[in-house]
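Taking it in order: structure first as structure tokens, then the write-up.
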Amino acid sequence: METRILSGKKVSSSFYTSIKPRIDSLKSSDIIPGLAVLLVGDNAASAVYVRNKTKKFNELGLYSDTITFSDSVSQDEIISKIQELNLNQSFHGILVQLPLPDQINDDIIINSIDPKKDVDGFHPYNLGCLISGKSGFVPCTPKGIMRILDYYDIDLSNKHVVVVGRSNIVGRPISILTSMKKKFSNATTTLCHSGTKNISQYTQNADVVILALGSPEYLTDKDVKEGTVIIDVGINRIKDSTEKGFKLVGDADYESMIDHAGAITPVPGGVGPMTIAMLVENTVEAAEKSINSSL
Ligand code: GUN
């Protein structure tokens, strides 16, 4: 069977066209949506993600500033920076790039962000809104996955979705979004994780598999039935002989899925561009809410 390639590049480019009037309208009220990014330590992958995010903000004429801290920064220093940013009206969104060094407690840091500026949707207030179906900031990667499915007309109702990975960033929130009683959702969702015996037994019964475990080329064609939709969130670096010394691969064995899966998101160019697009959307939304609290 021919496998459809679900291009996040294509979906994000259509999204950027559609959000432009909202950005222009804010600019005509002298508001430039602004994002503060906190980058701690020297994790190479985090530095690349942050660079890509700020590059897109610049391209769109939005404002962003990256505040860097050394690996040995104290928790209190980060918290006092966040408290300052919470009050700074030039920033509508605040993002702390994860992971953080061991001496820092992620939860305490995230809890110190004003939920109105939590454009990552990681604050317990926004996660509570997500679980209870209220409006709030939805984490960018899961939100982007739903947009890809929507764009390619992949309706999840009455389908079996198997999510592999239970992180707060992707696995848990996407399990909630896919199972919501809502158009294009309404799936029966199974959440597999490191405590699941024989994950393949579940993925073989899936209509849609969402991979967010961070394990290079983990899932092969043998683990899914023909026609399964594969959403691959993994971005793994594996060593190769190129000048860079590595290449990026997903959590799915892409080659084996071609002509077997019904559809698949490539790595790179699949879910990744949508995470950035949804960060733009959440920041624009935060800026809109800053002038109209009834939104
Ligand atoms: N690390 C990996 N993904 C993300 C993300 O979406 N947001 C933040 N802040 N950190 C991450």
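Remember, it's a predicted structure, so these values are computed and weren't measured experimentally. In each ligand, atom 1 is the first atom listed, and ligand 1 is the first ligand listed.
Not counting sequence neighbours, Asp259 has no partner by the side-chain contact (heavy atoms from CB on, under 4.5 Å) test.
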- Give the intermediate values and the outcome of side chain to side chain donor-acceptor pair (under 3.5 Å) for residues Asn158 and Asn186. CA-CA 6 Å; Asn158 307 315; Asn186 218 14; 5.1 Å; no
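The shortest N or O to N or O distance between Leu95 and ligand 1 is not below 3.5 Å.
Other residues sharing a hydrophobic cluster with Leu87 under the 4.5 Å side-chain heavy-atom criterion for ILVMFWY residues do not exist; the residue is a singleton.
When hydrogens are left out, the protein atom nearest atom 1 (N) of ligand 1 is Leu98 O, 3.0 Å; that is the closest non-hydrogen contact. Among all non-hydrogen protein atoms, the one lying nearest atom 6 (O) of ligand 1 is Asp120 OD1, 3.9 Å. Atom 11 (C) of ligand 1 has its closest protein heavy atom at Gln97 NE2, 3.4 Å.
Nearest-residue assignment for atom 4 (C) of ligand 1 (options Ile169, Leu38, Ile235, Val233; heavy-atom criterion): Ile169.
Between Lys183 and Asp155, none of the side-chain N atoms (NZ, or NE/NH1/NH2) sits under 4.0 Å from a carboxylate O, so this pair counts as no salt bridge. Taking the charged nitrogens against the carboxylate oxygens, Arg147 and Glu281 do have a contact shorter than 4.0 Å, which makes a salt bridge.
The residue Tyr49 has no part lying near ligand 1, judged by heavy-atom distances below 4.0 Å. With a 4.0 Å heavy-atom cut-off, ligand 1 is reached by no atom of Leu279.
Figure legend: cation-pi geometry between Lys289 and Phe137, with NZ or CZ positioned under 6.0 Å from the six-membered ring centre and within 45° of its axis.
For ligand 1, the atoms closer than 4.0 angstrom to any heavy atom of Val96 are 8 (C), 9 (N).
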